[in-house]
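Some notes on the structure that comes next.
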2 protein chains.
Amino acid sequence: MRRPTIADIARQAGVSKGAVSYALNGQPGVSEATRARILAIADEIGWRPNIAARALNGARAHAVGLALCRPARFLGVEPFFMELISGIEAELSARSYALLLQVVGDHETEMGVYRRWWGEGRVDGAILVDLHLDDPRVPEIEEMGMPVVVIGHPSAAGSLLPVWADDGAAVRETVEYLAALGHRRIARVAGLPRLVHTVIRDRAFTDVCAGLGLDVCPTVHTDYTGEEGARATRRLLSSPDRPTAIVYDNDIMAVAGLSVAQEMRLDVPADLSIVAWDDSPLCQVVRPPLTVLARDIPAYGGHAAQRLLSLIDGADTRHLEDEPPRLTTRGSTAPPA
Amino acid sequence: MRRPTIADIARQAGVSKGAVSYALNGQPGVSEATRARILAIADEIGWRPNIAARALNGARAHAVGLALCRPARFLGVEPFFMELISGIEAELSARSYALLLQVVGDHETEMGVYRRWWGEGRVDGAILVDLHLDDPRVPEIEEMGMPVVVIGHPSAAGSLLPVWADDGAAVRETVEYLAALGHRRIARVAGLPRLVHTVIRDRAFTDVCAGLGLDVCPTVHTDYTGEEGARATRRLLSSPDRPTAIVYDNDIMAVAGLSVAQEMRLDVPADLSIVAWDDSPLCQVVRPPLTVLARDIPAYGGHAAQRLLSLIDGADTRHLEDEPPRLTTRGSTAPPA
DNA sequence: TTTCGGCACTTATCCGGTTCAGCAGTAGCG
DNA sequence: CGCTACTGCTGAACCGGATAAGTGCCGAAA
């Protein structure tokens, strides 16, 4: 009932452990006949390499880590992470790497997790998400020496390898499109203000609005939840010079905003245009379907995983700029009435 | 720069490796003074146990596996898995267990993943989800001898340890409530017909409808996506004796159904009552907010993780019946017009 | 015929912990 | 005083595989 080891194979094949090791790893040192015999026996008795024993010899752990720092109730909200994970996964499993996942409550715990994983030799590297301004995690990880890919803008990644998309360009495209439709008062319901990508989107939004000479372009920060999205929308739509278009930082807030608008007897898109960030089935089932900034999130995760594996292999890797989100117009945007 | 080992500690403390091992593991065999000295040195030089070395001695891998068999695009759809995972996580991390996650495309690959994880000593156990009728995974895992907790009904779990909730009771409660409101024609938009929990809900639905002497109670099976939910709803609402209430098997289909109803100029809840399975922020941001069958999914995952850890520890564990989903009424249900 | 080279394999060591047998030193006890 | 029992520690084996060094053998070249 015990797991078979190379010693078992060696005994059956009538050779030494060393020969078996050479044979199983495709290394020179055994004849082809012996190699074939050993492989056949290994296959027959169902031998699997014990990764612990391999790792002990300084080999790879063949796993990478991802610690998500989000309260549990926010996690389910956005499809983003699940899609990102499945993209990471696809790439990792193709190379027989495993993904170690942990959901934590705060960044200190997150760093503790990374420290433990790295210290215990559980992972060969990790993926860092949700960069903050002046994120203390970056210098700490640099000091640890663990290979890490950062999903976020290079400006905040320090010496870590960034994988990113140009959110600023997406914001510009969106605002220019809305302005071309005739909108002069555009608002933005943004996410957490300290996240780097929020800052980048904020700045791009302000810049492009100023460049186009638009009247008012308020930005309201939220925590990404539907409730806050609804509240922000209600406040914006209640103001005297209410916007004719609102750009949301995720899909759940956009849907909440849509409901608020309909509650207030505003017609979407006649009275209010809505744009959501990240496409999801959700955006297509509501009426009207939402115009979105769509990105291929699984591909994004896949690229991050690829980069990380290259980094672990010591390959020469430079930062990767992914495609910016594409504006996909649906029924929720139109010229203002 | 090398990771410190117990040999380093032993040298510094002037004792043997064995003594250090005893001290660090809280085992008898060293004096309190020596133990304190060793712990201080370990802490000072930043020693971490190498799990590979520990695992080699037959110790635990301190990780459990979860292979999700879903196409990537369906994964993000439902918050269910993300919430389940965060619940599992919370329990695991409290006991310093890691979660190995893999997203696979089909059940054969899934079994391959489990086989590899178990064979390589990567995990101490696993969690199995999405049970099918006559699921071949159950006997295969039984044969492997890996500790596994099944999230699903005991009838399909074989000798594996099930963690489940009584979906049938929830269906009964819902239908009885709708019937009490005066509904005579209730429909159900269900999920994949081969999943065990779908079958259980199907049967309960048919039984309670028959018991209440309701006129028609069609069940339409789907793949859980918004599109299919919309299509099913459209078909149901187009039939001559269209239902006055529809119960959906998840939230995304319920929202899609709501949109379809509104598109067809039906008032919810006056013309059509809607009940969704599983609460999510989504159900609360749409208008009207949806009446739902709510369950504490993170807790559900947490219980599964607890059971699994007990099972791994060889504790005496019996199957756990969790609380059934609670019917939470909101604006989408009312007496028929 | 000797010598050298290389093939095919064995032997031994190592990785970082755990664990068991053994061994001083000391305290307890009759 | 001698015997036992216990404390506190040491030394070595062991887990499963990788790998460097060593060995025996055969064929080819000198």
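When reading the values below, keep in mind they use all heavy atoms of this one structure, side chains included, and skip hydrogens, waters and symmetry mates. Chain letters run A, B, ... following the sequence lines, proteins first and then strands; every chain starts at 1.
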Let me know the distance between CG of B:Asn57 and P of D:dC15, rounded to the nearest Å. 9 Å
Pair A:Arg3 + A:Asp8, salt bridge at N-O below 4.0 Å: no
Taken to the nearest whole Å, CG/A:Leu24 to C1'/D:dA18 is 12 Å
Hey, which of A:Val64, A:Val123, A:Asp124 is the one that makes side chain to side chain contact (heavy atoms under 4.5 Å, CB included) with A:Trp117? A:Val123
Go through the steps to decide whether A:Ile9 and A:Trp47 satisfy the test side chain to side chain contact (heavy atoms under 4.5 Å, CB included), and finish with yes or no. CA-CA 8 Å; A:Ile9 301 176; A:Trp47 175 85; 3.7 Å; yes
Is there side-chain contact between A:Val103 and A:Phe81, with at least one heavy-atom pair below 4.5 Å? no
Salt bridge present between A:Asp135 and A:Arg194 (N-O < 4.0 angstrom): no
What is the bend of the helix from C:dT1-D:dA30 to C:dG30-D:dC1 when you compare the axis at one end with the axis at the other, using five pairs each and rounding to 10°? 60°
Counting only non-hydrogen atoms, which of residues 113-121 of chain B are less than 4.0 Å from DNA chain D? none
Side-chain ion pair, A:Arg115 and A:Glu140, N-O less than 4.0 Å: yes
Hey, what's the ring geometry for B:Tyr97 with B:His62, parallel, tilted or perpendicular (30° and 60° as the breaks)? tilted
Modelled atom types, side-chain donor and acceptor of B:Glu110 and B:His107, under 3.5 Å: yes
Under a 4.0 Å threshold between the charged nitrogen and the carboxylate oxygen, would A:Asp130 count as salt-bridged to A:Arg137? no
Send over the distance from A:Arg11 CZ to D:dG16 P, rounded to a whole Å. 11 Å
Residues from residues 30-56 of chain A sitting under 4.0 Å of DNA chain D, heavy atoms only? A:Trp47, A:Arg48, A:Asn50, A:Ala53, A:Arg54, A:Leu56
OP1 or OP2 of C:dC9 under 4.0 Å from side-chain N/O of A:Ser16: no
Roughly, in whole Å, what's the span from CG in A:Asn25 to P in D:dG16? 17 Å
Over how many whole Å does the gap from B:Gln27 atom CD to D:dG8 atom C1' extend? 14 Å
Are side-chain N/O atoms of B:Thr109 and B:Asp106 paired as donor and acceptor at under 3.5 Å? yes
Length of the line joining A:Ile6:CD1 and C:dT11:P, which is rounded to integer Å: 14 Å
Rounded off to whole Å, could you give me the NE2-to-C1' distance for the B:His62 and C:dT18 pair? 13 Å
No-H, no-angle donor-acceptor pair, A:Tyr22 side chain to C:dC7 base, under 3.5 Å: no
Suppose we call a contact any N or O donor and acceptor under 3.5 Å apart; does that hold for the side chain of B:Lys17 and the base of C:dG17? yes
So, for A:Ile88 and A:Ala305, which heavy atoms are closest and what is the spacing to 0.1 Å? O-CB, 3.7 Å
Distance in angstrom units between A:Ile9 CD1 and D:dG16 P, rounded: 12 Å
Can you find a side chain N or O atom of B:Ser21 that sits less than 4.0 Å from OP1 or OP2 on C:dG17? no
